[in-house]
Chemist: 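Sharing a structure, written as structure tokens. Questions coming.
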2 protein chains.
Amino acid sequence: MTANTNGTDGAASTPRQRILEAAVDLFHREGYYATSLRQLADAVGLQVGSLYNHIDSKEALLGDIMRTVLVELIEETEREMAAAGERPVARVRAFLRTSIRFHAERRKETFIGNTELRGLDDANRREIVALRDRYELMLREALEAGVTAGELEIPDVQLATLAALAICTNVAVWYRPDGRLSLEEVQELLPRTFGPLCPVLPPLTATNER
Amino acid sequence: MTANTNGTDGAASTPRQRILEAAVDLFHREGYYATSLRQLADAVGLQVGSLYNHIDSKEALLGDIMRTVLVELIEETEREMAAAGERPVARVRAFLRTSIRFHAERRKETFIGNTELRGLDDANRREIVALRDRYELMLREALEAGVTAGELEIPDVQLATLAALAICTNVAVWYRPDGRLSLEEVQELLPRTFGPLCPVLPPLTATNER
DNA sequence: ATCCTAGGCGAACGCCCGTTCACGGACGTG
DNA sequence: CACGTCCGTGAACGGGCGTTCGCCTAGGAT
């Protein structure tokens, strides 16, 4: 156990944080396997051996990045869905809005999280997959509740879950902060391409939608 | 120029075909960078040096795989859209059905095509990106035609294009031949999660839909 | 003033990588 | 039977990889 317990961000930039940031950048641009620890060391201005004062291994570094971003995604989504109230449609929309924003704002980390699963060993992979399943479940349950409440009409809830997640996840691939559409516009327009939401869009009263 | 010109499949299994098939398998399961030519040689029962009687380089092998699958995807889609007739909605649905089927049946190759772009050098990458842009354009033009014809109501055509492609591309990630739903069911149900198609589903007359 | 420790340095380790090449056998063609 | 071509063999190449380690110094605690 070398690496210290420095989690995300405290106050300034600890060496560990600078390493994590540079790793996110490199893993996103070049890919995990194509990135060497020597490149990473260069990027933070260290010798390659010194990295090991802050990380346990290259693979643990990838695991930490993926775990952190997934945990934060889940936490933010739980918060937003809770704030959206009880109505399933409002909860689904909160999920989608949060997902779109998160995948846009944290596109490097989320992209890594969706691409580099194969770089993890069994223990890490199982953990990440479990987190991802939990995230997927949050949407599926909201959709199911919508069907049960008669607010949504969905031929197959599992398929709808996969479709919605694909749309949101893909934001990390194409979104650019200086792109044609602002983040607010994307958050407003993109969910309209999700079928189950379309026919139900009008009946949602303004009081339940924040 | 070593490698012979053997394209896809002639009659039986030439060494080159066996190499391509094994490479698809390994690149899909382990990733391009994580796959070594020694693994590949083992998989086809050759020594590593012998591979070079059939390929130019590891990277050219990846490029060939990606190019082939994209070209076939475009050709099949063009054929199906042409067979669907002139009405934009029918053409959009043909695109989606073909895309879903192709990404299900060729999920290994298409997965590689969507994940390993970074493994290509500039020349190969430009070519692949150009093919992908062409594919995307086929859908966008059909959607635009639908809007112009008043058959589709789409707030932002580019966003809708990205969303639809994300849904279809993602099929390669989760589809299993022995899964809960048959390919026919997925082809029928998944497009219904694509918003713009929903309200317009009934008015399509039976004569124009094959 | 002394000690302790965190952490950077830089060399080294063993390993595996993609690629090359001289060699030799198999085999269809004249 | 001789010849040329195809192609598999197996060793070798240089280089980059992740990781380890002994050394040294700076700075806070006592």
Side-chain angles (χ1 to χ4, degrees), chain A residues 1-7 10-23 26-27 29-66 112 116 118-124, chain B residues 1-6 10-24 26-27 29-66 112 116 118-124:
Chain A
M1 288 296 118
T2 321
N4 68 37
T5 55
N6 202 332
S13 68
T14 71
R16 167 149 244 256
Q17 277 169 45
R18 273 180 287 126
I19 290 172
L20 282 169
E21 275 170 38
L26 285 166
F27 291 172
R29 193 165 60 246
E30 316 272 358
Y32 170 70
Y33 279 106
T35 299
S36 76
L37 291 187
R38 281 160 180 86
Q39 273 177 74
L40 178 57
D42 276 358
V44 293
L46 285 179
Q47 295 298 316
V48 55
S50 306
L51 292 178
Y52 283 81
N53 289 320
H54 308 284
I55 67 173
D56 286 333
S57 69
K58 189 189 181 189
E59 195 253 337
L61 177 59
L62 176 62
D64 285 349
I65 291 173
M66 294 180 69
I112 293 169
E116 303 288 8
R118 290 176 302 201
L120 299 174
D121 64 19
D122 277 0
N124 264 324
Chain B
M1 294 307 109
T2 323
N4 68 37
T5 56
N6 202 334
S13 69
T14 70
R16 165 150 245 257
Q17 276 169 46
R18 274 181 287 126
I19 290 172
L20 282 169
E21 274 170 38
V24 165
L26 285 165
F27 291 172
R29 192 165 60 246
E30 316 271 359
Y32 170 69
Y33 278 106
T35 299
S36 76
L37 290 187
R38 281 161 179 87
Q39 273 177 72
L40 178 57
D42 276 359
V44 293
L46 285 179
Q47 295 298 316
V48 55
S50 307
L51 292 178
Y52 284 81
N53 288 322
H54 308 285
I55 67 173
D56 286 333
S57 70
K58 190 189 181 190
E59 195 253 337
L61 177 60
L62 176 61
D64 285 350
I65 291 172
M66 295 181 68
I112 294 169
E116 303 288 8
R118 291 176 301 201
L120 299 174
D121 65 19
D122 278 359
N124 265 324

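Every chain is numbered from 1, with letters handed out A, B, ... down the list of sequences.
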Chemist: Treat primed atoms plus P, OP1 and OP2 as sugar-phosphate and everything else as base, then score nucleotides 11-22 of chain D 5' to 3': B for base contact with protein heavy atoms under 4.0 Å, S for sugar-phosphate contact only, - for none.
Modeler: -B----BBBB--
Chemist: Grab the CG-C1' distance between B:Leu62 and C:dG18 for me, whole Å please.
Modeler: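 B:Leu62 atom CG is separated from C:dG18 atom C1' by 15 Å.
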Chemist: With a 4.5 Å cut-off on side-chain heavy atoms, are A:Arg18 and A:Leu46 touching?
Modeler: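 Not touching, per the 4.5 Å side-chain cut-off.
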Chemist: If we ignore hydrogens and angles and just use 3.5 Å, is the side chain of B:Lys58 paired with the main-chain N or O of B:Tyr32 as donor and acceptor?
Modeler: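 Present.
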Chemist: Is B:Leu51 close to B:Leu61 at the side-chain level, that is, under 4.5 Å between some pair of heavy atoms?
Modeler: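 Counting from C-beta outward, B:Leu61 and B:Leu51 never come under 4.5 Å.
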Chemist: Quickly work out the B:Asp42 CG to D:dG8 P distance and round it to whole Å.
Modeler: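 That distance rounds to 15 Å.
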Chemist: Kindly say if A:His54 contacts the phosphate of C:dA6, meaning a side-chain N or O under 4.0 Å from OP1 or OP2.
Modeler: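 Indeed not, no polar side-chain atom of A:His54 lies that close.
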Chemist: For B:Leu62, which of B:Asp121, B:Asn124, B:Leu120 qualifies under side-chain contact (heavy atoms from CB on, under 4.5 Å)?
Modeler: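 For B:Leu62, the side-chain contact (heavy atoms from CB on, under 4.5 Å) test succeeds with only one of B:Asp121, B:Asn124, B:Leu120, which is B:Leu120.
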Chemist: So, are B:Glu116 and A:Arg118 salt-bridged, with charged N and O less than 4.0 Å apart?
Modeler: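 Yes.
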Chemist: Nearest to the side chain of B:Gln47, which nucleotide is it out of D:dC7, D:dG10, C:dG8?
Modeler: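 Nearest nucleotide to the side chain: D:dG10.
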Chemist: Give the rounded distance in Å between these two atoms: CG of B:Leu51 and P of C:dG18.
Modeler: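 Rounded to the whole Å, the gap is 10 Å.
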Chemist: Side chains of B:Val44 and B:His54: closer than 4.5 Å at any heavy-atom pair?
Modeler: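 B:Val44 vs B:His54: side chains apart.
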Chemist: Whole Å only: how far is the CD1 atom of B:Ile19 from the C1' atom of D:dG8?
Modeler: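 Distance, rounded to whole Å: 11 Å.
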Chemist: Taking only side-chain N and O atoms of A:Asn53, does any of them lie within less than 4.0 angstrom of OP1 or OP2 on C:dA6?
Modeler: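 No, A:Asn53 has no side-chain N/O under 4.0 Å of OP1/OP2 on C:dA6.
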